[in-house]
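Chain identifiers are assigned alphabetically (A, B, ...) following the order of the sequence lines, protein sequences preceding nucleic acid strands; residue numbering begins at 1 within each chain.
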Amino acid sequence: MRRLQPVRGTHDILPEDGLKQRHVMETARKLAERYGFAEISTPIFEFTEVFQRTLGETSDVVTKEMYTFKDRGGDEITLRPEYTAGIARAVVSGGLGRQLPLRFFAHGPMFRYERPQRGRLRQFHQIDVEIIGVAEPQADIEVISLGADILEALGVLGSTELEINSLGDAESRLAYRDALVTYFSVHRDGLSAESQERLKRNPMRILDSKDEGDRVLVAKAPRMEDFLNEESSALFDAVLSGLDVLGVRYRKNPHLVRGLDYYSHTAFEFVTRELGAQGAVIAGGRYDGLMETMGGPPTPAIGWAGGIERLAMLAVGVPDAPRPIALVPVGDDVQDAAMQLARDLRHSGFVVDLGYRGNVTRRMRRADRIGARVALFLGENELERDVVTLRDLDSGRQQELARNALETALKSLE
RNA sequence: GCGGGUGUAGCUCAGUUGGUUAGAGCACCAGAUUGUGGAUCUGGGGGCCGUGGGUUCGCAUCCCAUCACUCGCCCCA
C-alpha cells in the first residue's frame with residue numbers, strides 16, 4: 001500500500017453526496033416503477049466473455065478499460081463496465097425469455113479503467129432501464145420519456161438536450177458503413193491521425209470527431225438517413241413522432257454514434273454542457289442483436305444508462321435529511337429514562353438524537369448544529385411528574401407536556 | 001494512453017528577490033453560562049507546506065521524479 005488513500009478514480013461517498021446520490025436513485029426508481037419497470041440486480045462481476053462478446057472486440061471499453069482478472073479457480077472475471085450485458089445474460093441464463101416483454105430497472109456500481117477527471121471515475125454508479133422483447137417504437141418512446149421524466153424530477157431537464165439518431169438495422173448500417181469507408185478512404189490524407197485509425201477499426205466513430213479538419217470532411221460525408229432501409233426509416237419516424245406527441249423535445253444529430261457494437265436503430269443521449277468534457281448524463285439505444293449474441297433467441301430490446309454521480313452534481317431540490325429530535329437528559333440519574341424515551345419515540349417513527357455526553361449547554365449546542373427541530377429536556381424535575389419539557393428550536397418557545405401528550409405534540413410540528 | 005494547470009490547517013486561501021518559531025478567515029474544542037442552542041467575547045488545539053530525491057550555509061519558495069486532483073484529447077455515464 002503506497003499511502004492510506006483510496007485507489008485512483010475511486011472515492012468515499014460521504015453523507016452529503018450520499019444523500020444526493022440516493023435522491024437520484026430513488027427518484028429514478030420511483031418513476032421507473034410508475035412505468036411498470038421491476039427492479040433487478042445482477043452481480044457486479046461476470047465471466048469476461050459476457051462483456052467481450054457483446055460489447056465488441058474493438059470497442060474502447062473492451063480493449064483498454066475493463067478490470068479483468070483471473071480468480072482463484074482460474075476463471076476469467078471482469079468487473080462490469082456497464083449494465084446491459086449483465087441483464088441480458090440474466091435473461092438468457094434465467095430463462096426469462098419466456099415472459100416477454102420484460103421491463104427492468106437497475107442501479108449499482110460500474111468499473112472502467114479510465115483516466116479520472118470531473119464526472120469520470122473508475123468506480124461510478126449508474127441507474128439503468130431496459131425493455132426487452134418489444135420491437136415496436138412504443139418501447140423506444142417510453143424509455144426516452146421515462147428518462148426525460150427523471151431528469152425533469154431532478155430539475156436538470158432544462159440544462160440538458162436530447163440528441164437522437166438512428167443507426168438503422170444491420171443491413172442499413174452495413175451499407176452505410178461501406179459508403180463511409182469509401183468516402184473517407186478517398187479523403188484519407190485529410191483525416192486526423194486518430195480518425196485514420198478509426199477508419200480501420202470503427203469508421204462511424206469519425207462522425208463525432210472533434211477535430212476541425214475531420215469535421216469539414218464529415219459535413220460532406222454520406223448521411224445515415226439516406227441509407228436507412230424502409231423498415232428502419234419507418235421505425236425512426238415513428239419514434240420521433242411519438243416524442244412529438246408527448247412533447248419530449250429532441251434534436252436530431254446525424255453524427256451521434258455508439259461506442260458499443262450491440263446498438264442498432266435508435267441511439268440517443270441526454271447531454272449537458274455543465275460537466276466539462278463529460279457530456280452525457282443519460283445515454284442508450286436499441287440493441288436488437290444483443291440477446292442473440294448472448295446465445296438466446298433473437299430478441300429486440302432497448303434501454304439506457306444514467307450516471308448517478310453526474311446527475312447528482314446537477315440535481316437541484318435534493319431534500320434534506322429529516323430533522324431529528326434532540327433528547328437532552330439533565331443529570332446523571334436520568335440516563336436510563338432518556339434511553340427508554342428515545343427508543344419509544346423511535347418506535348413511533350421519530351428521528352431521535354440522544355447526545356452521548358456533556359452538560360446541557362453542550363448538548364444544546366450539538367442539537368443546534370445537527371439541525372434538530374426540537375429539544376426534549378428530561379430531568380429529575382420532569383421524571384417525578386411524568387412530563388417532558390419540549391423546546392421548539394426554531395421559535396425558542398418552550399412548554400411542559402405530559403408524557404402521554406408528547407407524541408401528538410411532536411407529530412403536529414412537522 | 002497523450003498534452004496543460006494546481007497541490008500550504010478539516011474547508012477557502014495568504015506567504016516578499018530562497019532567510020529565524022509558516023499565517024488569516026471559517027470550522028473545531030474549552031470558558032464566560034455545571035437545567036437551555038443560535039449571537040458576542042476570551043482562550044486553546046491543530047501543519048513531515050502532497051510524497052521522494054536534488055541544488056543551497058539555509059527552501060513552502062528553485063530543479064527532477066512521483067502521486068492526487070483538475071482542464072483538454074480520447075472515450076463515455
Side-chain angles (χ1 to χ4, degrees), chain A residues 2-11 14 16 24 28 55 59-65 80-84 107-128 147 160 192-195 197-198 202 205 208-211 214 256-260 267 269-272 275-284 303-314 326 328-332 334 355 358-382 389-398 400:
Chain A
R2 259 192 302 273
R3 270 171 60 78
L4 215 48
Q5 63 181 201
V7 174
R8 183 169 202 205
T10 69
H11 286 297
L14 301 177
E16 196 183 338
V24 169
L55 303 184
S59 72
D60 275 32
V61 168
V62 168
T63 53
K64 49 191 194 197
E65 294 177 2
R80 64 182 179 203
E82 57 103 48
Y83 224 134
T84 305
H107 68 94
M110 306 293 152
F111 305 86
R112 291 185 197 172
Y113 189 86
E114 292 189 274
R115 176 125 176 198
Q117 50 180 264
R118 181 171 155 83
R120 192 164 86 182
L121 303 162
R122 288 185 175 180
Q123 177 183 336
F124 60 103
H125 299 79
Q126 286 186 336
I127 49 176
D128 185 279
T160 62
S192 66
E194 275 150 2
S195 286
E197 188 58 30
R198 290 185 181 113
N202 196 347
R205 290 240 69 117
D208 67 351
S209 169
K210 287 173 191 163
D211 182 87
D214 288 353
L256 177 66
V257 293
R258 303 270 66 167
L260 309 180
E269 289 180 4
F270 287 90
V271 297
T272 178
L275 290 177
Q278 276 58 245
V281 291
I282 282 179
W304 55 250
I308 292 180
E309 285 86 352
R310 290 183 186 180
L311 289 166
M313 282 191 274
L314 299 173
V328 181
V330 182
D332 291 334
V334 297
N359 59 27
V360 175
T361 301
R362 197 168 158 164
R363 287 170 190 260
M364 283 301 284
R365 219 176 276 166
R366 174 177 160 79
D368 191 59
R369 197 171 57 235
I370 64 177
R373 179 68 184 82
V374 298
L376 298 179
F377 297 102
L378 187 64
E380 298 286 355
N381 205 343
E382 283 85 0
T389 300
L390 180 153
R391 181 180 179 85
D392 185 315
L393 292 177
D394 287 350
S395 67
R397 271 197 291 273
Q398 188 164 315
E400 235 175 43

Checklist line | side chain to side chain donor-acceptor pair (under 3.5 Å) involving A:E400 - partner list, sequence neighbours excluded | finding: A:R385
Check: About how many Å separate CG of A:D128 and CD1 of A:I308, when rounded to the nearest 0.5 Å?
Finding: 10.0 Å
Check: For atom C1', what is the distance between B:C29 and B:A9, given to the nearest Å?
Finding: 15 Å
Notebook entry, point to check: Heavy atoms under 4.0 Å, any strand shown: does A:G9 hit a base, just sugar-phosphate, or nothing?
Noted result: sugar-phosphate
Checklist line | G-U wobble or Watson-Crick pairing nucleotide for B:A77 (cut-off 3.5 Å, both distances) | finding: none
Check: A:R112 side chain N/O closer than 4.0 Å to the phosphate oxygens (OP1, OP2) of B:C75?
Finding: no
Notebook entry, point to check: Please, which pairs that meet side chain to side chain donor-acceptor pair (under 3.5 Å) have at least one residue in residues 358-368 of chain A, sequence neighbours excluded?
Noted result: A:D353-A:R366
Next item on the list: Just jot down the side chain to side chain donor-acceptor pair (under 3.5 Å) partners of A:R120, sequence neighbours excluded, or say none.
Entry: none
Notebook entry, point to check: Roughly how far apart, to the nearest Å, are B:C28 and B:A65 at atom C1'?
Noted result: 37 Å
Next item on the list: Assign a letter to each nucleotide of nucleotides 33-38 of chain B from its 5' end: B, base within under 4.0 Å of a protein heavy atom; S, sugar-phosphate only; -, no contact.
Entry: S-BBBB
Notebook entry, point to check: Taking atom P in both B:U6 and B:G50, what distance in whole Å separates the two?
Noted result: 13 Å
Note to self: Heavy atoms from C-beta onward define the side chain here; which of B:C76, B:C75, B:G1 lies closest to that of A:R198?
What the structure shows: B:C75
Margin query: Taking side chain to side chain contact (heavy atoms under 4.5 Å, CB included) as the definition, give me every residue that meets it alongside A:V360, ordered by chain and number, with sequence neighbours left out.
Written below: A:V328, A:V330, A:M364, A:F377
Check: Can you tell me how far C1' in B:U51 sits from the matching atom in B:U12, rounded to whole Å?
Finding: 23 Å
So which protein N/O to nucleotides 2-4 of chain B N/O distances come out below 3.5 Å?
from	atom 1	to	atom 2	distance (Å)
B:C2	N4	A:R115	NH1	2.9
B:G3	O6	A:R115	NH2	3.2

Check: When you compare B:U33 with B:U42, how far apart are their C1' atoms, in angstrom units rounded to a whole number?
Finding: 13 Å
Next item on the list: Output all residues satisfying side chain to side chain contact (heavy atoms under 4.5 Å, CB included) with A:D332, sequence neighbours left out; order by chain, then residue number.
Entry: none
Next item on the list: Sequence neighbours left out, what passes side chain to side chain donor-acceptor pair (under 3.5 Å) with A:E309? Give chain and number order.
Entry: A:H125
Notebook entry, point to check: side chain to side chain donor-acceptor pair (under 3.5 Å) with A:S195: which residues, sequence neighbours excluded?
Noted result: A:S192, A:R198, A:D214
Check: Using the C1' atom in both, what is the distance from B:G52 to B:C41, to the nearest Å?
Finding: 46 Å
Next item on the list: Can you tell me the pairing partner of B:G31 across any strand shown, Watson-Crick or G-U wobble, with both distances under 3.5 angstrom?
Entry: B:C41
